[in-house]
Undergrad: 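I'd like to ask you about the structure that follows.
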Amino acid sequence: MEKVGAVMVVGAGIGGSQTSLDLADSGYKVYLIESSTSIGGVMAQLDKTFPTNDCAMCIVSPKLVETGRHQNIDLSINCVIEDVSGEAGNFIVKVRKKSLFINPDKCTGCGVCGRECPIEAIDIFNEKLAKYGATSVKYPQAVPLLYAINREVCIGCGICYGVCKAKAVEYDREDEVVDINVGAVVLSPGFDEFIPEEANLYGYGKYKNVVTSIEFERILSASGPYSGRVLRPSDGDIPEKVAFLQCIGSRDYSGVGKPYCSSVCCMYTAKEAVIAHEHMHQIKPTIFSMDVRAYGKDFDKYIIRAQKQYGVQYIRSRVSSIKEVPETKDLRLKYETQDGKIIEEDFHMVVLAVGLNPPDDAKYLAEKFGVELNQYDFAKTDLLNPVQTTKPGIFACGAFSSPKDIPDTVTQASAAAGCVNQLLYEKKGTLITEKSLPPEIFVRGQPPRIGVFICHCGINIGGFLDVPEVTRYAKTLPNVVMSDRNLYTCSADTQTIIKEKVQEYNLNRVIVASCTPRTHEPLFQETIREAGLNRYLFQMANIRDQCSWVHMNDWEAATNKAKDLVRMAVNKARQIEPIERIKLSVTPKALVVGGGISGMVAALNFASQEYETYLVEKEKELGGFAKHIYHTLEGADIQVYVKELIDKIKANKNIHVFTEAQMENIDGYIGNFKSSVIHGEKKERTEFSHGVVVVATGAKEYQPKEFLFGQNENVILQSEFERLLNETDQIKNKKSIVMIQCVGSRNDEHPYCSKMCCAEAIKNALLAKELNPDLEVTILFRDIRTYGFKEQYYRKAREAGVIFIQYDENNPPKINSDLKVEVLTPRNDKIYISTDWLVLSAGIYSDREENEELAKMLKIPLNDDSFFLEAHVKLRPVDFATEGVFIAGIAHCPKTIEDSISQANAAVSRACTILSKDEIEAEGKTARIDITRCIGCGMCIENCAYNAIELVDDRRFGTVASINQVLCKGCGACSGNCRCSAIDILGFTGEQIFEMITGRI
Amino acid sequence: MSFEPKLLGFLCNWCSYAGADLAGVSRIQYPPNMRVIRVMCSGRIDPKFIVQALELGIDGVYVMGCHIGDCHYLEGNYEAVKKYEMTREFLKLVGLDNRIRLDWVSASEGVRFGEVVSKFVNDIKELGPSPLSGDSPDKDLINKVRAIRLAAGSNRMRALVGRERKITEEDNVYGEKYPLEKYKEIMSQAIIEEYERHRILIALEDESKSVKSLASELSVDPSIILEHILTLKGRAQVDFQEIIKNTPIYMRRE
């Protein structure tokens, strides 16, 4: 069957949105199918995100708006998958688009229906903590902004029909069933949280002041039911003592919860505790946990900060019972401390850190798409490619395959897109349509002829201020040649009217006074562009969101403010000029630095899409550190895998491999790099050009200075132990092995978790036990961090008799020369263990000097621990702020082989959004420099976060700053600081802003 | 009629403008005194914009951006703080510093947006109308604020404010981290100097004057005026004109 250049993405949370954007930007038609009525998923519900405490809504909403507006993304909400047929490359998916009872083409999202609805229904988005109408959107910033009638609670009173001025309400609207033909499917339905059943031992549902973590997230949120004030539900008091209970429904073998670790709860709990204290300083959080699993990038630092800076108290214990104190509604917790004391303590509120369950419809989806689930009902995926389901052509990303946090989800989302690219690359660009536009009318130098369109927005504006008066007033302003008012300026028929008026009045500037430019500016810009005007000859005045809606009780003041806003917009409009977007060609070739697993996977993916690829490895052989690894914890054979990768690379004509190689220079920018490499024994030099760079340089194994390493030959590293187990039978005659965890990790020198060591230790312990069942294996640990499904191996190791003893960072085990280990247990007992081999789980570290060299060449930053620092920890985990440069593998932070492979595919997907284009177009509103004024002080270079400015020599003006229009994002930090006022921002020039200021008077 | 202040807000597109929109979507009611100018990033907000607004008689200016760490452009709001702090210190010189305010408002803080704007309106109401508003504002004060606008836009101040983060948080050209305290001292000194120098330049616009008459006009010690005059001469902004009875007269150079 012929392949199809379209992809279906099921589930539009942050993962599904990212996959869709990647694919749509790479030239595929994307059908994004969502079961609820808006996109954004759980992330849109969150208040802040760890470890940066970023406001979730601030960072996610631009991405959602982009997803909703992308011309290659066909977004359908309220959908059910009915049937799937076909195979990789060509599937047909039958989708039922359930009726919203509101016509999506007519609904403007103005919200009058929701306000007038007499039914107070519970608000699911706010976790039932608030009320909402039967006619509603999920949350105020929802994308798409379409209202829907919830038939389950609607009583059919008919009021919304009457109040909807757009005539969008259609009670008889029926479901629509469509067949969609796609080449691949990405499943990203997310997860459902564990709901602690009523009357169980946590008292959830029975005691008012016991809430789940996601409910608490809404309580924390500034846009939540309590407006960000932390109040307890029973009486609205501020709870001073708040207990957070970890592992609710996770690591639970009782049958009530799930046996696996939910991976994210330790961190989100720390975050919720920190934010709660930040919102209300009187709150003193206590966290009850088993292990603290802060295994991700900069997570441990966050935990330390929570304790030291915010006074969050950690107690290592599982609470055995919770009882409500009837008079106060406080909660009495009973727990055992580590040294064996039983304590009863009262708290004002309890937050249950609920685990992540597979999505409720996992089985349904699996059956429809013919993919298998694992023993926990999550999607079963390939051992080494975590986005590949059991069925070719169908990929999974995000929490559908295992519980994971936002950056891992976003990485996997791109990785899934990377794998789709590999499958469908020949069909790229076949199903997307490009709009043909009329040539632009030349307006430069002509006196402004401004048209002003003022929106009633049904009654949303017109009901609270005098729209006819504002319209009359607009007409009196200088250069305004026409003004008009519309019921809905955003409706399709008004777009036609605007185009007609542009012609009729020869307009060369257009102003719309309505809602917010954040959501509607692109629509109107498109309209005037279709009318032949440059899209930047447009201004908006926000007279709804920031005027009529916020001054509903003051008709006159609101009217005056609207006039002012229109006048300010007119003032600016007089100054605006057409802006041309610069286009640059792209060299469709890739450079991959580092020939370990990440680098090889990335290179092969590029090459399989027929992009010429340069792979640079500093050692003689490809393979990287993986050469020392035999199996993963889950059983994948790494030796075989690495050998296969190397063979494939050698056989691929699109890959140029340089070994014993070092980058000499990397010049240029996104789409147009020129580099040179010194390689081979003879130090040959080769030059080449390329459009993107993937950094996959890996990291190093720590060589311990502690525990007699290097002094006693029986003190060995975990990697050496692995070799001895796999290559020799020396283990057979050993009696006792002791392993020490966190050697060179989580200390002052390397204040982070190396993530893999717990799994490595358990893997080798299990193998050692298998080879020699009489062997005594003891693992000395601080926290066991077998997150996710790795938890099962931790349990297996315990069952196999591996002894786990916890030690305290400040009292590390002591070793004497006979390899007798002394360890102080949590109960303050001293234990002595003799060992044949002392195995050290040495951490991973990054070499500052080596990385700095590459960092300087590429103008990319390193973090405090010398790992490369991505553009945004949450939502851009594979990108650098420097465009066209991407990161994969351990060079980013310690991670597993599977995660490295995902990130490598993700880096390819991100890079393909560039390589797939013949030319890239820069945003028009960028900085421009007047070189006659520039004195070349270079200050703007430091102010630029995007490395878009450099000093160049001008023939007439000497050293001056030069702005790369492609890299510039138009933030204006350079302009606001420029000593000689030589830099201006197109679209926000100083003159334009001065005109607006003047217009305020 | 009670005093209704005219306020201006500079809001970044991604967080605070979105927060203001959310206030609307949530129908949060707040007083209608502020008009918003949207910029992409708070880092774009030039001190000149703020001072210009005050000079034109606006009663208060609100600068808003993303919370620290949340900047859509990575670190624009760090730049914004520095510029704002400098502007505020300038305005202290004429007692107008309490008419400007900086706040971080996130896209989810619609309620808070309403609250902080209401508070600002109330605070400015308590302060009363700007001395620069109305039909006949104090000419002397206008000149002072003009001097601030020019000084804040001067090469020297912009260089200092633009380099502050790099030099005090990372390192200078010698690889040293310059102590913030000392940097602040230098800034404060520069602010006073540039303010006085620009006042001199403005005072010399209409007629040429002597050091002593400038000193009494600006209420600054003559020896300091003299130092400024020398600096301004070096910058080719002031020139010696003539000597009248042992007293040199200086003129503005264009």
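Here is how names work: the chains are called A, B, and so on, in the same order as the sequence lines, proteins then strands, and each is numbered from 1.
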Undergrad: Report which part of Gln992(A) has an atom under 4.5 Å of a heavy atom belonging to chain B: side chain, backbone, both, or neither.
TA: neither
Undergrad: Measure Met34(B) against the heavy atoms of chain A and call it side chain, backbone, both or neither at under 4.5 Å.
TA: backbone
Undergrad: Quick check on Lys6(B) against chain A: is it the side chain, the backbone, both or neither that has a heavy atom closer than 4.5 Å?
TA: both
Undergrad: Side chains of Asn947(A) and Thr882(A): is there a donor and an acceptor less than 3.5 Å apart?
TA: yes
Undergrad: Is there a donor-acceptor contact under 3.5 Å linking the side chains of Glu89(B) and Ser188(B)?
TA: yes
Undergrad: Using non-hydrogen atoms only, which part of Cys974(A) is less than 4.5 Å away from chain B: side chain, backbone, both, or neither?
TA: neither
Undergrad: Please classify the contact between Met568(A) and chain B as side chain, backbone, both or neither, with a heavy-atom cut-off of under 4.5 Å.
TA: side chain
Undergrad: How about Ser42(B) and Asn77(B): does a side-chain donor come under 3.5 Å of a side-chain acceptor?
TA: no
Undergrad: Identify which part of Arg229(A) has an atom lying under 4.5 Å from any heavy atom of chain B, answering side chain, backbone, both or neither.
TA: side chain
Undergrad: Given heavy-atom pairs under 4.5 angstrom as the criterion, report whether the side chain, backbone, both or neither of Thr998(A) touches chain B.
TA: both
Undergrad: Taking side chain as everything from C-beta outward and backbone as N, CA, C, O, which of these in Ile45(B) sits under 4.5 Å from a heavy atom of chain A? Side chain, backbone, both or neither.
TA: neither
Undergrad: Between Glu115(B) and chain A, which part of the residue has a heavy atom less than 4.5 Å away: side chain, backbone, both or neither?
TA: side chain
Undergrad: Under 3.5 Å, is there a donor-acceptor pair between the Arg38(B) and Asn13(B) side chains?
TA: yes
Undergrad: Against chain B, label Ala871(A) side chain, backbone, both or neither, depending on which of its atoms sit under 4.5 Å from a heavy atom there.
TA: backbone
Undergrad: Below 4.5 Å from any heavy atom of chain B, which atoms of Thr516(A) appear? Answer side chain, backbone, both or neither.
TA: both
Undergrad: What's the verdict on side-chain contact (heavy atoms from CB on, under 4.5 Å) for Asp554(A) and Glu556(A), showing C-alpha distance, side-chain angles and the deciding distance?
TA: CA-CA 6 Å; Asp554(A) 196 340; Glu556(A) 206 186 316; 4.3 Å; yes
Undergrad: Pick one of side chain, backbone, both or neither for Lys48(B), based on which atoms fall under 4.5 Å of a heavy atom in chain A.
TA: both
Undergrad: Do Ser981(A) and Arg933(A) pair up side chain to side chain, a donor and an acceptor below 3.5 Å, judged on atom types alone?
TA: no
Undergrad: Let me know if Val111(B) has heavy atoms under 4.5 Å from chain A in its side chain, its backbone, both or neither.
TA: side chain
Undergrad: State whether a side-chain donor-acceptor pair under 3.5 Å links Asp171(B) with Tyr178(B).
TA: no
Undergrad: Side chain, backbone, both or neither: which part of Phe10(B) has an atom under 4.5 Å from a heavy atom of chain A?
TA: side chain
Undergrad: In terms of heavy-atom proximity below 4.5 Å to chain A, should Glu109(B) be classed as side chain, backbone, both, or neither?
TA: both
Undergrad: Please evaluate residues Phe994(A) and Phe49(B) with respect to the criterion ring pair (Phe, Tyr, Trp, His ring centres under 6.0 Å), reporting the C-alpha separation (whole Å), side-chain torsions for both, the decisive distance (0.1 Å), and the verdict.
TA: CA-CA 7 Å; Phe994(A) 279 136; Phe49(B) 298 162; 5.5 Å; yes
Undergrad: Could you tell me which portion of Pro31(B) (side chain, backbone, both or neither) has an atom closer than 4.5 angstrom to a non-hydrogen atom of chain A?
TA: backbone
Undergrad: Side chain, backbone, both or neither: which part of Arg163(B) has a heavy atom under 4.5 Å from chain A?
TA: both
Undergrad: Testing Arg112(B), Met64(B), His67(B) for side-chain contact (heavy atoms from CB on, under 4.5 Å) with Trp104(B), which one passes?
TA: His67(B)
Undergrad: Which bit of Gln546(A) comes within less than 4.5 Å of chain B, counting heavy atoms only: side chain, backbone, both or neither?
TA: both
Undergrad: Is chain A contacted by the side chain of Arg165(B), its backbone, both, or neither, given a heavy-atom distance below 4.5 Å?
TA: neither
Undergrad: What part of Asn53(A) is in contact with chain B, defined as an atom under 4.5 angstrom from a non-hydrogen atom: side chain, backbone, both or neither?
TA: backbone
Undergrad: With a 4.5 Å heavy-atom cut-off, do Arg1000(A) and Arg567(A) have their side chains touching?
TA: no
